Asker: 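So that we are looking at the same thing, I have put the structure below in structure tokens.
Each ligand, and each atom within it, is numbered from 1 in the order the structure gives. Index from 1, following the sequence. The shown structure was predicted, so the numbers you read here are calculated from the model rather than taken from an experiment. Side chains are part of it too, since the values below use all heavy atoms of this structure and drop only hydrogens, waters and symmetry mates.
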Amino acid sequence: MNEAVSLQHVSFTYNKTAVLKDVCLTIAKGEFLGIIGPNGGGKTTLLKLIMGLLEAQEGTIVLEEGMKIGYVPQRLPFDRHFPMSVLELVLGGLLSEAPWFGGYGRKNKNRALHALEHVDLLNEAHAHCGSLSGGQLQRALIARAIVSHPHLLLLDEPTANIDHQAEEHLWELLNQFKGKMAIGMVTHDLDAAVNRVDRIVCVHRTVYPLPREEVCKHFALGLYHKEPLNQ
Ligand SMILES: Nc1ncnc2c1ncn2[C@@H]1O[C@H](COP(=O)(O)OP(=O)(O)OP(=O)(O)O)[C@@H](O)[C@H]1O
Ligand SMILES: [Mg+2]
């Protein structure tokens, strides 16, 4: 199987609100997919379906066997002022691998430190999470998502609320992961995304492909089409 993930005719409804309908999407192994779309279009819902946090009412979602997924959520999964070190935050990404009798062990701590080194935050390992800048915190969350060596990394708007320099740093980091794992990244920053990802899809009730030219022409101002352009 060349696909990391394959969704076929997936539909999802929250209570009575239909959010996604007849979604067909594959992400190939090692592919970097950019995911764009209007607010409320269903991007976060799509990521949650892939991760199995939500269950589709219709269709099938098949993941590569034994696939591990790393996730950088759209909103902080904890209170920023909770007394937790950056190292502890990253160790949270290894919870499922921690021994049942407690403690993470030296091996896992070394893995977490290595992940922090990868995102250029080793010097902040023992700092309090609340003391990090927005860009640093975002990189710490990426370290948390990659510490288990996932095959698929899903990021939900990681460049929102960070300054331009931090954003560039983040793109450089993602560029290093390119080809080593599949990446699905939700972003509103189309200008930056368009030349750096392998392929772009738009999520608006369903998922449809977007050729690069059309992204520049129609979407840079946030003008999302209601219908796929190719219909
Ligand atoms: N837990 C929930 N219960 C009911 N409706 C929900 C829930 N979560 C999201 N929705 C609705 O589902 C739709 C899609 O939401 P989703 O968060 O997937 O959109 P999004 O594309 O990620 O938007 P944004 O760009 O604002 O993050 C929206 O109309 C939203 O109000
Ligand atoms: Mg969202």
Side-chain angles (χ1 to χ4, degrees), residues 4-27 31-61 63 69-80 134-135 137-142 144-145 150 152-164 166-167 170-171 174 182-194 196-197 199-210 214-216 218-229 231:
V5 191
S6 171
L7 289 84
Q8 296 300 327
H9 305 290
V10 168
S11 296
F12 179 80
T13 302
Y14 279 113
N15 306 318
K16 284 180 185 155
T17 319
V19 178
L20 291 169
K21 203 161 166 41
D22 201 24
V23 171
C24 293
L25 172 72
T26 57
I27 308 179
E31 181 179 34
F32 192 164
L33 181 74
I35 302 165
I36 67 166
N39 293 124
K43 303 178 295 297
T44 299
T45 303
L46 176 71
L47 298 191
K48 288 184 176 171
L49 284 166
I50 292 173
M51 287 184 289
L53 296 178
L54 295 172
E55 204 174 322
Q57 287 88 1
E58 282 173 42
T60 56
I61 301 178
L63 306 184
I69 302 181
Y71 177 47
V72 178
Q74 184 170 6
R75 286 177 194 84
L76 267 188
F78 59 92
D79 176 355
R80 199 178 160 147
L137 188 58
Q138 205 55 270
R139 296 209 307 279
L141 288 170
I142 290 178
R144 175 178 176 263
L152 172 66
L153 175 62
L154 297 174
L155 307 111
D156 201 346
E157 297 194 37
T159 57
N161 308 317
I162 60 174
D163 65 36
H164 183 68
E167 190 185 324
L170 202 125
W171 276 109
L174 292 176
I183 306 175
M185 173 173 166
V186 175
T187 182
H188 284 292
D189 189 2
L190 309 180
D191 279 347
V194 71
R196 303 189 203 205
V197 299
R199 187 163 60 100
I200 296 185
V201 292
C202 183
V203 182
H204 193 181
R205 301 266 171 255
T206 189
V207 176
Y208 53 93
L210 273 180
E214 289 174 8
V215 174
C216 294
H218 301 275
F219 291 74
L221 298 172
L223 299 169
Y224 294 97
H225 291 257
K226 289 217 160 111
E227 299 298 329
L229 287 164
Q231 282 190 358

Asker: Just to check, does G37 reach to within less than 4.0 Å of ligand 1 when the distance is taken from its heavy atoms?
Answerer: no
Asker: Any protein heavy atom lying closer than 4.0 Å to atom 14 (C) of ligand 1?
Answerer: yes
Asker: Identify, for atom 25 (O) of ligand 1, the protein heavy atom at the shortest distance, and state residue, atom and that distance.
Answerer: K43 NZ, 2.7 Å
Asker: Would you mind checking which non-hydrogen protein atom is closest to atom 12 (O) of ligand 1, with the distance to 0.1 Å?
Answerer: V19 CG2, 3.4 Å
Asker: Could you tell me the separation between the CD1 atom of I50 and the CD1 atom of I27, rounded to the nearest 0.5 Å?
Answerer: 4.5 Å
Asker: Taking the side chain as every heavy atom from C-beta outward, state whether L63 and L152 have any atom pair closer than 4.5 Å.
Answerer: no
Asker: How about atom 5 (N) of ligand 1: does it have a protein heavy atom within less than 4.0 Å?
Answerer: yes
Asker: Over all heavy atoms of both residues, which pair between E167 and A192 is shortest? Give the atoms and the distance, please.
Answerer: OE2-CB, 3.9 Å
Asker: Among protein heavy atoms, which sits nearest to atom 17 (O) of ligand 1, and what does the distance come to when rounded to 0.1 Å?
Answerer: T44 CB, 3.7 Å
Asker: Donor-acceptor pair, T206 side chain versus K21 backbone, under 3.5 Å?
Answerer: yes
Asker: Decide yes or no on side-chain hydrogen bond (donor to acceptor under 3.5 Å, both in side chains) for H9 and E58, but give the supporting numbers first.
Answerer: CA-CA 7 Å; H9 305 290; E58 282 173 42; over 6 Å; no
Asker: So is there a nitrogen or oxygen of T17 less than 3.5 Å from a nitrogen or oxygen in ligand 1?
Answerer: no
Asker: Closest non-hydrogen protein atom to atom 26 (O) of ligand 1, residue and atom name please, with distance?
Answerer: N39 ND2, 3.2 Å
Asker: Quick one: are L20 and V203 in side-chain contact, heavy atoms under 4.5 Å?
Answerer: yes
Asker: Quick one: list whatever passes ring pair (Phe, Tyr, Trp, His ring centres under 6.0 Å) with F12, sequence neighbours left out.
Answerer: Y14
Asker: Is the shortest side-chain heavy-atom distance between D156 and P73 below 4.5 Å?
Answerer: no
Asker: What protein heavy atom is closest to atom 1 (N) of ligand 1, reported as residue, atom name and distance in Å?
Answerer: Y14 CE2, 3.7 Å
Asker: So T187 and V197, do their side chains get closer than 4.5 Å, heavy atoms only?
Answerer: no
Asker: State the atoms of ligand 1, each with its element, that fall below the 4.0 Å cut-off from a heavy-atom position in P38.
Answerer: 21 (O)
Asker: Once rounded to the nearest 0.5 Å, what's the spacing between atom CG of L7 and atom CD1 of I61?
Answerer: 4.5 Å
Asker: For distances below 2.8 Å, what is the count of protein N, O or S atoms around the Mg ion (ligand 2)?
Answerer: 2
Asker: Does the side chain of T159 come within less than 4.5 Å of M185's, by heavy atoms?
Answerer: yes
Asker: Using a strict cut-off of 4.0 Å, indicate which atoms of ligand 1 neighbour a heavy atom of E157.
Answerer: 25 (O), 27 (O)
Asker: Just to confirm my output: which protein heavy-atom neighbour is closest to atom 16 (P) of ligand 1, and how far is it?
Answerer: T45 OG1, 3.6 Å
Asker: I want to know if ligand 1 touches G40 in the polar sense, i.e. an N/O pair below 3.5 angstrom.
Answerer: yes
Asker: If every non-hydrogen atom of G70 is compared with every non-hydrogen atom of P150, which pair is closest and at what distance?
Answerer: N-CB, 3.3 Å
Asker: Is a donor on one side and an acceptor on the other found under 3.5 Å between the side chain of K43 and the backbone of P38?
Answerer: yes
Asker: Give the atom numbers and elements of ligand 1 that come within less than 4.0 Å of a heavy atom of H188.
Answerer: 25 (O)
Asker: Report the nearest protein non-hydrogen atom to atom 27 (O) of ligand 1: residue, atom name, distance rounded to 0.1 Å.
Answerer: Q74 NE2, 2.8 Å
